[in-house]
2 protein chains.
Amino acid sequence: MVTLADVARQAGVSLATASRVFGRPEMVGAETTARVIEVADRLGYIANSTARALARGSSGLLGLVVPQLSSSYFAPLISAVQSEVESSGFELIIVDSHGCPESEVEIAGRLRGRVDGLIFASPRSSGAALAEVARGFPIVTVNRELSDFDSVSVDVAAGLTELCGLLIARGHRTIAYLGGPAGSLSDDGRFLTVRTALEDNGGEARRFGPVEPKVSAGTESFSMLQRGGVSAVIAYNALVAHGLMLAAAAVGAKVPEDLAVAAVDDLIDIGLGLPSLTAITQPMGEAGSSAGRMLVAQVARPRGADSDAGTRTAQHLVLPSTLVIGETC
Amino acid sequence: MVTLADVARQAGVSLATASRVFGRPEMVGAETTARVIEVADRLGYIANSTARALARGSSGLLGLVVPQLSSSYFAPLISAVQSEVESSGFELIIVDSHGCPESEVEIAGRLRGRVDGLIFASPRSSGAALAEVARGFPIVTVNRELSDFDSVSVDVAAGLTELCGLLIARGHRTIAYLGGPAGSLSDDGRFLTVRTALEDNGGEARRFGPVEPKVSAGTESFSMLQRGGVSAVIAYNALVAHGLMLAAAAVGAKVPEDLAVAAVDDLIDIGLGLPSLTAITQPMGEAGSSAGRMLVAQVARPRGADSDAGTRTAQHLVLPSTLVIGETC
DNA sequence: CATACTTATGCAAGCGCTTACATGCACTGT
DNA sequence: ACAGTGCATGTAAGCGCTTGCATAAGTATG
């Protein structure tokens, strides 16, 4: 393995100068720079980022903890975080917590000594547990506001309220909410929002579920909804909604005439042959870029931090969701 | 930040002993161990993996380069690699090359100084370029055999040949191959396999495409196939196949009577309301675990490597694909 | 021409941890 | 009683790089 010392020796400069050629080129004379670079790639020198990290006191590594790596919901977020931090010169370690709060804490502990900062996407752990493990460490949470940490979240509530207004306006009164997986924090919130929005407008919300967020769950829930005496349904996500629509088609029921269907999220681009879905779309990509940007900003700060002695107040960014009105309502 | 030196001082032992408590506990007396550990977590000591990496000469980091991060095809592979290397005590850096050969090389260069080894999933770069950037570095490739590096690949050809046999046996003679994205290495190989398998059995292969691997591509290609005078089609993947089936349903054509449909990969679990797809499924999860395991083995070797002085011969693991016969044939 | 300032480079002290080697000590067998 | 053995611990030399400070030119200023 060829080290910077080898390069320096061969180029006839000191180790310090060689180092500066790569780290602070503006401090080095032009010919020296050229010579060092020439020698470096003649020798096939590859900088050892570990040593650099140790000397600099920061690793250039950021972590992202997601509840599910292979989920179309998080995919755009992951990609966006990835390219955002990459363009700031960081590398990203993505870890799957499998939606398990204990894993989240365990992972955070493991990663603390390794990365410069951490993003938690939709964390399920208690705020206390997170605060504990992340104290004094750069953190950004997504879709979860914790007072001590920066966060970015998507305002699904506004979209849901708008959707409820739409349904009421189109004459629906008794509306089903077909909820997502048991224990989902967002699920409870969504139902509450729907109920409030409906009751404020003379409607009524009926909660069904919980169901797995899968197409089959939708298919299987259809007859239950039919018997439930509702004229519209708001499904936890697009997979479930598609399941409902497939089941409806199978028994000859018409959407939206017999049952109006709407969903949060629009995960799949399958909508061919089926009416286009009315859905509340969340800007997950944007959320990812923002989270990445906020984390990079936090990590970069310490160098020149005077005014805010480690106690700056946390920023909370809220992104709007969009109600996309399709043919299913 | 509390360092190991702080812990050692407070516990009244030398730095070396404190270090051994965490790295080689069997070398330290029981009470000493207990005391050090007690002090360590009283002080909230967190080991600095960067320093450890530098001293040990290895980072405990592995890299995985995929052409597309958010792809259902790679998802099981990514998860499997993840958990495999994690269980061996490594952390994983996943980077998206966006299917671009230059990115692959650039990423490899960037990561070389940072990780202990690299997995390339379905790399598109020339073998020479990869060999160049990865010389003398632990590497495993997936779905690409390079003589210098370990690899694991899935034998789609066998499955395709079996599928062709099945189609011939069921009376099909002129069969379409609806290919995937332009420039895909696997695509050419697949068509060749199909053609050979069919011609050996008195059938004929017609190549259509290339098309994007999307549902809509299938939908749009349907009428072209109808005019093409084929009785069966082998699609690049399940998305395309579903598109075909949706289009068939839309015009009242029957699958498999009017057109038999098969595909490589079975990516989506949407198959409800549609006949179940005949598909060649690839064990991507298993491929991932194997790749992870092989890389870990390579990385671990150097310590006690005597016999194989850096020139051990590369291992090539081939995993079988499975032909799953559904109702669409 | 002396002074101050700028620019390019070198020196050496770390960054926090691991580990080969040395030390000290309590046993064991003879 | 003494060398031999093995265990628990300490000493110190790094791992490869960055960076504050010192130094030595060269340039501008009065």
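The chains referred to below are lettered A, B, ... by the order of the sequence lines, with proteins before strands, and numbering in each begins at 1.
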* To do: Answer yes or no: does a side-chain N or O of A:Ser14 lie under 4.0 Å from OP1 or OP2 of C:dG10?
  => yes
* Asked: With a non-hydrogen cut-off below 4.0 angstrom, is A:Tyr45 in contact with a base, only sugar-phosphate, or nothing?
  -> sugar-phosphate
* **Pairs touching residues 75-102 of chain A that satisfy salt bridge (Lys or Arg N to Asp or Glu O under 4.0 Å), sequence neighbours left out** => A:Glu84-A:Arg293, A:Glu86-B:Arg110, A:Glu91-B:Arg110
* **Below 4.0 Å: OP1/OP2 of C:dT9 and any side-chain N or O of A:Thr32** => yes
* Think B:Ser19 has a side-chain N or O under 4.0 angstrom from the OP1 or OP2 of C:dC17? -> no
* Between P of D:dC15 and CG of A:Leu15, the distance in whole Å -> 12 Å
* Structure fact -> Of C:dG16, C:dT19, D:dC17, the nucleotide closest to the side chain of A:Arg52 is D:dC17
* Asked: Does B:Thr17 make a side-chain N or O approach to OP1 or OP2 of D:dG10 shorter than 4.0 Å?
  -> yes
* Degree of bending, the helix from C:dC1-D:dG30 to C:dT30-D:dA1 (end axes from five pairs; round to 10°) -> 40°
* Quick one: which of C:dG10, D:dG14, D:dG16 gets closest to the side chain of B:Ala55? -> D:dG14
* **B:Arg35 and B:Glu31 ion-paired at < 4.0 Å** => no
Can you list, pair by pair, the side-chain donor-acceptor contacts under 3.5 Å of residues 116-129 of chain A, counting residues two or more places apart and other chains?
from, atom 1, to, atom 2, distance (Å)
A:Asp116, OD1, A:Ser59, N, 2.9
A:Asp116, OD1, A:Ser59, OG, 3.1
A:Asp116, OD2, A:Ser59, N, 3.1
A:Asp116, OD2, A:Gly60, N, 2.8
A:Ser125, OG, A:Pro101, O, 3.2
A:Ser125, OG, A:Glu104, OE1, 2.4
A:Ser126, OG, A:Ala129, N, 3.0

* Would you say B:Tyr73 and B:Gln282 make side-chain contact, with heavy atoms under 4.5 Å? -> yes
* Asked: Separation of B:Arg20 atom CZ from D:dT9 atom C1', in whole Å?
  -> 6 Å
* Which part of the nucleic acid does A:Arg24 contact within heavy-atom distance under 4.0 Å: base, sugar-phosphate only, or nothing? -> sugar-phosphate
* **Value in whole Å for how far the P atom of C:dG16 lies from CZ of A:Arg114** => 17 Å
* Just how far, in rounded Å, is C1' of D:dT18 from CZ of A:Phe22? -> 14 Å
* Expressed in angstrom and rounded to an integer, what is the separation of A:Met27 atom CE from C:dT6 atom C1'? -> 12 Å
* Asked: So what does B:Gly29 hit on the nucleic acid, given a heavy-atom distance under 4.0 Å: a base, only sugar-phosphate, or nothing?
  -> sugar-phosphate
* Start at the 5' end of DNA chain D and walk down; is the nucleotide closest to B:Ala51 or to B:Val28 reached first? -> B:Val28
* To do: Report the residue (B:Ala16 or B:Thr50) whose heavy-atom-nearest nucleotide on DNA chain C is the more 5′ of the two.
  => B:Thr50
* To do: Tell me which of A:Ala18 and B:Gly12 sits closer to the 5' end of DNA chain D, going by the nucleotide each one is nearest to.
  => B:Gly12
* Using whole Å, report how far CD of B:Glu31 lies from P of D:dT9. => 8 Å
* Asked: Rounding to a whole Å, what distance do you find between A:Leu4:CG and D:dG16:P?
  -> 11 Å
* **Interatomic distance where CD belongs to B:Glu26 and P belongs to D:dC7 [whole Å]** => 11 Å
* Asked: Any donor-acceptor pair under 3.5 Å linking the side chain of B:Ser290 with the backbone of B:Glu286?
  -> yes
* Determine the contact category for B:Leu54: base if any of its heavy atoms lies under 4.0 Å from a base atom, sugar-phosphate if only primed atoms, P, OP1 or OP2 are that close, otherwise nothing. => base
* Is a donor on one side and an acceptor on the other found under 3.5 Å between the side chain of A:Asn143 and the backbone of A:Val154? -> yes
* Walk me through it: do A:Ser70 and B:Ile78 pass the test side-chain contact (heavy atoms from CB on, under 4.5 Å)? => CA-CA 8 Å; A:Ser70 56; B:Ile78 295 175; over 6 Å; no
* So, does B:Gln298 use its side chain to make a donor-acceptor pair with the main chain of B:Ile139 at under 3.5 Å? -> yes
